[in-house]
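Structure record follows, encoded as structure tokens.
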Amino acid sequence: MTWLELADGVYARRYEELDLTVGLVVGSDRCLVVDVRGDVEQGAELAAAVREITPLPWSVVYTHAHFDHAFGTTAFLPCDVWAHEGCVAELTTYGEGARLKWIQHYLGENRPEMAEALERTEITMPDKLVTDTAEIDLGGRTAVLRFLGHAHTDHDLFVHVPDAGIIFAGDAVENAEAGFSAFSFNDGSSLDGWPGVMDAILALAPKTIVAGHGDPVDTAFIEKHRDGLRELIALKTLIAAGDLTPDEAVARSPYPGDVTKAALATP
Ligand SMILES: [Zn+2]
């Protein structure tokens, strides 16, 4: 894992664990850490890595409430923790259950050290809440936090750095190996809302979009991602009309069976 400098003072950092990507935006007065990894140990590693880049005071932003993005905050405290207002409800309702579920997951994978770190992890609630848009003055540059609609979750928050043409997209954009536009649907995802969110990203005309997992992507990737989502919506419509069986939809889908099934199951 190394820092990838995408523009002057704008970085992404890639991890083998869950193929996660986090970010860092550095101004002249302060810096903004985009997602904090998944447990108390991982967050401490990231905090130390940020200190290799800059000694400036930091704020944290969660792109969404999922544990691998939002549970590593402890080492950064005290600091401002930004998120969409819906993130609070998600962490309150599901945060502790997610922590316990992933402890079991890592025990099942025979990785007790990961389970143990999650056992020692305390979830930090965001205290700077965003409804639509918020601007953070970092000194010499502004980071704009934007809610663009319901996609991977109902509280996806995008971190836009306009002067660099970079958007951190969390898991609204995931880049699997070989450039495949994989994306994960969960109980909180909206298949119908997702393509419009991709259009909203494109309207901001970024040079680079930092995916929540995998390498950063360009706008062509976002267009392909949006078009693939629209194909899934069309399949869902055909099933609802009785013109297609779910198995036929899986066979026609451009995506793997598990992704297709999860997408078609979203409300
Ligand atoms: Zn996620």
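Whatever order the structure lists ligands and atoms in, that order sets their numbers, starting from 1. Numbers for residues simply follow the sequence, beginning at 1.
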**Carboxylate-amine/guanidinium contact Arg120 Glu116, below 4.0 Å** = yes
Q: Inspect the contact between Asp199 and Arg230 and indicate whether a charged nitrogen and a carboxylate oxygen are less than 4.0 angstrom apart.
A: yes
The side chain to side chain contact (heavy atoms under 4.5 Å, CB included) partners of Lys128 (sequence neighbours excluded) come to Asp80, Trp82
For Glu17, the salt bridge (Lys or Arg N to Asp or Glu O under 4.0 Å) test, sequence neighbours excluded, returns Arg111
With sequence neighbours left out, the residues meeting salt bridge (Lys or Arg N to Asp or Glu O under 4.0 Å) with Asp163 are Arg141
In Glu5, Glu45, Glu52, the residue satisfying salt bridge (Lys or Arg N to Asp or Glu O under 4.0 Å) with Arg13 is Glu45
Protein N/O/S atoms closer than 2.8 Å to the Zn ion (ligand 1), ordered by chain and number, come to His64 NE2, His66 ND1, His152 NE2, Asp171 OD2
